[in-house]
Every structure is written in structure tokens, then in C-alpha cells.
Amino acid sequence: MAKVYSNALQETLEVDRIIGHLKGDEDGPTLVFFAGIHGNEPAGVFALKHVIRELKLRQTPIRGQLYAIAGNLQALEQKVRFVEKDLNRIWTTENLQQTLQTDNEISKDEQEMIELYKLLQAILEQNQPPFYFIDLHTTSSDTSPFMVLNDSLLNRKFASQYPLPTILGIEEYLVGALLSYINELGYVSLGYESGQHDDVVSIRNCTHFIHYTLGITELVAYAPAELAKLRMEIADSSMVSSKFYEIYYQHEIQNSGGFEMRPGFKNFQKIPRGTAIAMDNGNKIMTQRKRQIFMPLYQKLGSEGFYYIKSIPLVLLWISKGLRKFKMDHLLVCLPGIQWSSRQKDGLLVDQRIAKFLAKSFFHLLGYRTRQLDRTHLVVKSREMASRNLEYKSSGWY
């Protein structure tokens with residue numbers, strides 16, 4: 001049990017790991033919401049508690065299973081992003097297995113990870129597909145709501161149901177995110193950022209988003225007019241076009257005490273060339289050309305200062321869909337310096353002398369994300385191989 005305080009509402013909640021669990025009388029999907037993975041982001045916790053209470057009071061019929069899960073209980077109680085390690089940066093298969101097997105003392109945040117992992121395993125074993133995993137977040141700066149996801153066609157198709165801007169490719173920069181771990185298991189998973197940490201509007205946006213997700217996953221059979229109203233509420237919450245965007249640059253902070261973002265920058269803001277946007281270890285960071293900024297950091301904890309993004313033309317989204325469906329990536333192994341990295345053919349080992357002629361965006365089109373293996377090679381991992389498309393084909397949105 002943890003006490004969670006909201007500056008926006010000036011209220012305190014007491015929550016367990018499972019904030020709420022509703023089981024329907026009829027079979028249906030399994031929908032799992034996470035909130036408070038970062039302890040200074042309580043908006044999702046309060047929104048989930050409100051929705052669960054509302055569904056119970058109205059005795060709303062449910063198909064399938066609904067889980068509302070609190071993330072980092074210790075950090076939520078302390079009102080900090082994390083205690084020792086960022087819980088949303090340690091979800092790699094290697095770190096998870098090492099933590100499970102170690103006899104040594106582990107950090108408080110790793111303890112939270114192990115508890116969440118065991119709960120996740122139990123949900124997958126005890127319930128039926130299709131599974132949906134949604135992670136609710138807020139940001140340190142003012143923001144128009146948006147979604148982030150790993151760029152598989154399955155994720156992209158589901159995300160298209162929301163009238164919100166969607167960010168692709170963040171998994172290339174954020175190693176160890178919970179949703180990346182889940183997406184590599186093949187399930188639909190996405191993150192929703194509802195607004196600024198301590199803004200009451202963030203809780204309201206989150207509440208509308210949860211209800212709408214209940215509707216499009218068919219967990220709750222909302223009337224068409226009610227679902228349309230929820231969609232309009234979500235659309236009206238955003239001041240940014242509901243396009244797909246791609247991250248192409250991350251400013252990584254080497255010394256957290258030496259980084260300071262200049263005030264006033266907001267997500268999706270277009271910034272002219274020659275603008276001073278931050279100071280890092282005494283060095284002024286200037287835009288070298290016109291940029292569109294994303295996730296400027298206005299809190300003490302965190303290792304990512306800001307990102308640059310660009311919108312993805314619709315024609316490229318269609319091209320990438322076709323290339324992936326026809327498995328055009330299999331032709332790449334015919335090129336010198338490129339070979340499969342495993343027998344499962346879910347990744348490529350690429351000589352960097354070859355890679356310099358193949359832009360990162362080219363691998364993105366084919367559904368791969370890139371990682372540096374060593375000085376001479378890249379590993380590019382398929383986003384499509386794990387997708388459990390058959391489990392979602394009977395869903396109304398598919």
C-alpha cells in the first residue's frame with residue numbers, strides 16, 4: 001500500500017499494486033493500464049482510480065478483463081521520479097534475468113520491476129488474448145497530449161484509432177522501457193502522455209483516454225454517440241495535428257547537474273535556426289537549423305535533455321507497410337556486409353562500411369530499429385517478427 005499525493009487535486013490516495021481489477025461476465029480482451037511507472041507522475045493513478053470507481057458504481061457491463069496497475073509504489077510515495085534507478089530504463093531481457101537470478105541486494109526500483117514482472121506473467125498466463133498494454137505518463141513541461149510506441153504495423157494500426165499525434169522510434173533512444181519489453185513479446189502496447197505532471201487537465205485527459213480505450217478495445221460497449229463524444233474530447237485536448245512523427249536526435253545528458261533547459265519550450269514547438277535552447281556543462285546549445293523540439297526536460301532527474309522530431313509523410317507510411325508485408329528485408333542479406341544475426345531471422349548484422357550507404361531511415365521503412373554493436377557493426381532488430389497479429393484479427397479496429 002502506498003500513499004499517492006496529487007498537487008493538482010491536493011488529495012491523497014492509498015493504492016496497492018493493483019489499483020483495480022474488473023472481470024466481465026462474458027469473454028473478451030484483456031486490457032492492462034500502468035500508471036506511476038515514474039513516481040512524480042500521479043495523474044494516471046488518480047484517473048484509473050476514478051474510472052474503476054465509476055464503472056463499479058454504474059455497474060457497467062464488461063467483456064473480458066480490466067487491470068489498473070500502479071508502477072513504482074515506493075517512488076510514488078516519495079513523490080520522486082525514481083528512488084535509485086529509473087524503473088522505465090531497466091526493462092531489458094538481460095537485466096531482468098540477471099536481477100531475477102542474483103543473490104546480491106538489488107535496488108528498490110529493481111524490486112518494483114520484479115514484482116511487476118511476476119504480475120505481468122500471471123496476467124498473461126491466467127487471461128486470454130487479445131492483450132492490450134497502455135502506460136500512462138505526464139511530462140515535466142506543458143504539452144499537448146500525444147502517444148509514443150514502438151513502430152510495428154500492429155501498434156501503428158491500433159494507434160490510428162486515436163485522434164492524437166503519435167511518436168515513432170523512441171525505443172532506439174530509450175533502452176529498457178517497459179513497453180518496449182512488452183512489445184517484443186508481440187503484444188499491442190503504447191504510451192500516452194496526458195499533459196504536465198501537476199495540471200488537473202492531465203487527469204481529465206487521462207480519464208477520457210481510458211474510457212475511449214475501453215470502447216475501441218470492445219471491453220465496454222459504449223453507444224456510438226458516446227464513443228464519438230469521447231473521441232471528440234480527445235481530439236479537442238490536442239493542439240497538434242494527429243500525424244505520425246519520428247525521433248531523429250536525442251540530446252543525452254552526461255552530467256545531470258550541468259544541464260539546464262532554457263525556459264518556455266514546449267513539445268512539438270518549431271524553433272528557428274540559431275536559437276539558444278539549453279546549457280550543458282557551461283556550453284550553450286544552439287539550433288543549427290530549423291528544428292521541432294520534443295520532450296524538453298524541466299526536472300532534475302532524467303538523462304535525456306530533449307529530442308528533435310519530424311513528421312512522417314503519409315506516402316512513406318504506406319511504402320513501409322508494403323515493404324514489410326512483402327518481407328523485402330530478406331533481400332538485404334544478398335548484399336555484402338549484411339547477414340542475419342540469429343537463426344530466427346529477426347535481426348541483421350550490418351557492417352558499418354555498408355551501413356553508411358543505407359540511412360537509418362531506410363531500415364526504419366523495413367521495420368527495423370538500429371543498435372550499435374561495436375565499432376564496426378550495427379545490429380538492426382525487426383519490429384515485425386514478434387507481432388501476434390492473429391490474436392487481434394477478430395477485433396473491430398483491426
Side-chain angles (χ1 to χ4, degrees), residues 137-151 156 159 163-175 177 191 193 195-197 199 237-320 352 355-365 368-372 378 380:
H137 283 270
T138 50
T139 62
S140 60
S141 62
D142 290 335
T143 187
S144 190
F146 62 92
M147 299 186 302
V148 293
L149 58 139
N150 289 19
D151 183 22
R156 197 193 290 178
L164 287 169
T166 302
I167 308 297
L168 305 178
I170 200 166
E171 74 272 20
E172 283 193 330
Y173 301 95
L174 297 187
V175 177
E193 304 272 358
Q196 199 272 341
H197 295 329
D199 191 342
S237 72
S238 177
M239 304 300 292
V240 181
S241 175
S242 58
K243 297 179 181 178
F244 283 90
Y245 296 82
E246 180 180 29
I247 293 174
Y248 65 90
Y249 174 79
Q250 175 198 61
H251 181 80
E252 187 170 350
I253 300 170
Q254 301 300 324
N255 174 13
S256 59
F259 179 83
E260 183 179 359
M261 198 79 202
R262 289 289 179 91
F265 293 108
K266 297 182 179 181
N267 275 335
F268 302 97
Q269 181 179 347
K270 293 181 179 179
I271 302 171
R273 175 184 176 183
T275 303
I277 59 175
M279 294 291 293
D280 198 353
N281 283 329
N283 299 314
K284 187 184 293 185
I285 301 173
M286 308 282 291
T287 52
Q288 301 303 309
R289 60 182 66 183
K290 186 178 179 180
R291 303 292 190 187
Q292 190 166 12
I293 201 164
F294 179 64
M295 298 284 280
L297 184 68
Y298 287 107
Q299 60 190 16
K300 292 181 179 180
L301 292 178
S303 58
E304 303 87 28
F306 59 88
Y307 299 89
Y308 291 142
I309 60 173
K310 58 185 177 182
S311 61
I312 306 173
L314 188 60
V315 64
L316 286 183
L317 292 171
W318 280 104
I319 289 172
S320 71
Q352 286 211 109
K356 67 182 180 181
F357 299 107
L358 298 172
K360 184 185 287 188
S361 56
F362 176 73
F363 288 111
H364 290 173
L365 282 174
Y368 285 85
R369 70 178 188 277
T370 63
R371 293 267 189 239
Q372 189 78 36
L378 297 175
V380 293

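- Partners of E246 according to the salt bridge (charged side-chain N to carboxylate O under 4.0 Å, His left out) rule, which considers only residues two or more places apart in sequence or in another chain, do not exist here.
- Under a 3.5 Å cut-off, the side chain of R273 and the backbone N or O of Q288 do form a donor-acceptor pair.
- By the side chain to side chain contact (heavy atoms under 4.5 Å, CB included) test, K243 pairs with S241, Y245, S311, sequence neighbours left out.
- Going from atom CE of M295 over to atom CG of N267 covers 6.5 Å, rounded to the nearest 0.5 Å.
- Between K310 and Q292 the shortest side-chain heavy-atom distance does not fall below 4.5 Å.
- For H251, the ring pair (Phe, Tyr, Trp, His ring centres under 6.0 Å) criterion is met by F259, F306, not counting sequence neighbours.
- In terms of heavy-atom proximity, I247 sits nearest to I309 at CG1-CG2, 3.7 Å.
- Judged as a side-chain hydrogen bond (donor to acceptor under 3.5 Å, both in side chains), and not counting sequence neighbours, the contacts of R156 are D151, S320.
- Residues satisfying the ring pair (Phe, Tyr, Trp, His ring centres under 6.0 Å) criterion with Y368, sequence neighbours excluded, are absent altogether.
- Shown here are the side chain to side chain contact (heavy atoms under 4.5 Å, CB included) partners of T287, two or more places apart in sequence or in another chain: I271, T275, I277, R291, Y308.
- In terms of the side-chain hydrogen bond (donor to acceptor under 3.5 Å, both in side chains) criterion, residue partners of N150 (sequence neighbours excluded) are, by chain and number, S180.
- Here CD1 of I293 is found 10.5 Å from OH of Y249. Values are rounded to the nearest 0.5 Å.
- Here the CD-OG1 distance, from Q196 to T138, works out to 7.0 Å after rounding to the nearest 0.5 Å.
- In this structure the side chain of K266 never reaches within 4.5 angstrom of the side chain of P296, judged on heavy atoms.
- The two residues A159 and M147 have their closest heavy-atom pair at O-CE, 3.5 Å.
- Remark: N283 pairs with no residue by the side-chain hydrogen bond (donor to acceptor under 3.5 Å, both in side chains) rule, at least two apart or across chains.
- The side-chain hydrogen bond (donor to acceptor under 3.5 Å, both in side chains) test applied to S237 returns no partner, not counting sequence neighbours.
- With Y298 contributing its side chain and D142 its backbone, the two residues share no donor-acceptor pair below 3.5 Å.
- Distance CG/D280 to CE/M261: 10.5 Å, rounded to 0.5 Å.
- Applying the side chain to side chain contact (heavy atoms under 4.5 Å, CB included) test to M239 and every residue at least two apart in sequence or in another chain returns S144.
- With rounding to the nearest 0.5 Å, the separation of CD1 in I312 from CD1 in I319 is 12.5 Å.
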Please tabulate, for side-chain N and O atoms in residues 164-174, each donor-acceptor pair with protein atoms closer than 3.5 Å (sequence neighbours left out).
{"residue": "T166", "atom": "OG1", "partner": "L164", "partner atom": "O", "Å": "3.4"}
{"residue": "E171", "atom": "OE2", "partner": "R383", "partner atom": "NE", "Å": "2.6"}
{"residue": "E171", "atom": "OE2", "partner": "R383", "partner atom": "NH2", "Å": "3.0"}
{"residue": "E172", "atom": "OE1", "partner": "H364", "partner atom": "NE2", "Å": "3.0"}
{"residue": "E172", "atom": "OE2", "partner": "H364", "partner atom": "NE2", "Å": "3.0"}
{"residue": "E172", "atom": "OE2", "partner": "T370", "partner atom": "N", "Å": "2.6"}
{"residue": "E172", "atom": "OE2", "partner": "T370", "partner atom": "OG1", "Å": "3.2"}
{"residue": "Y173", "atom": "OH", "partner": "Y248", "partner atom": "O", "Å": "3.2"}

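- Residues forming a side chain to side chain contact (heavy atoms under 4.5 Å, CB included) with K284 (at least two apart in sequence, or on another chain): R262, A276, M279, M286.
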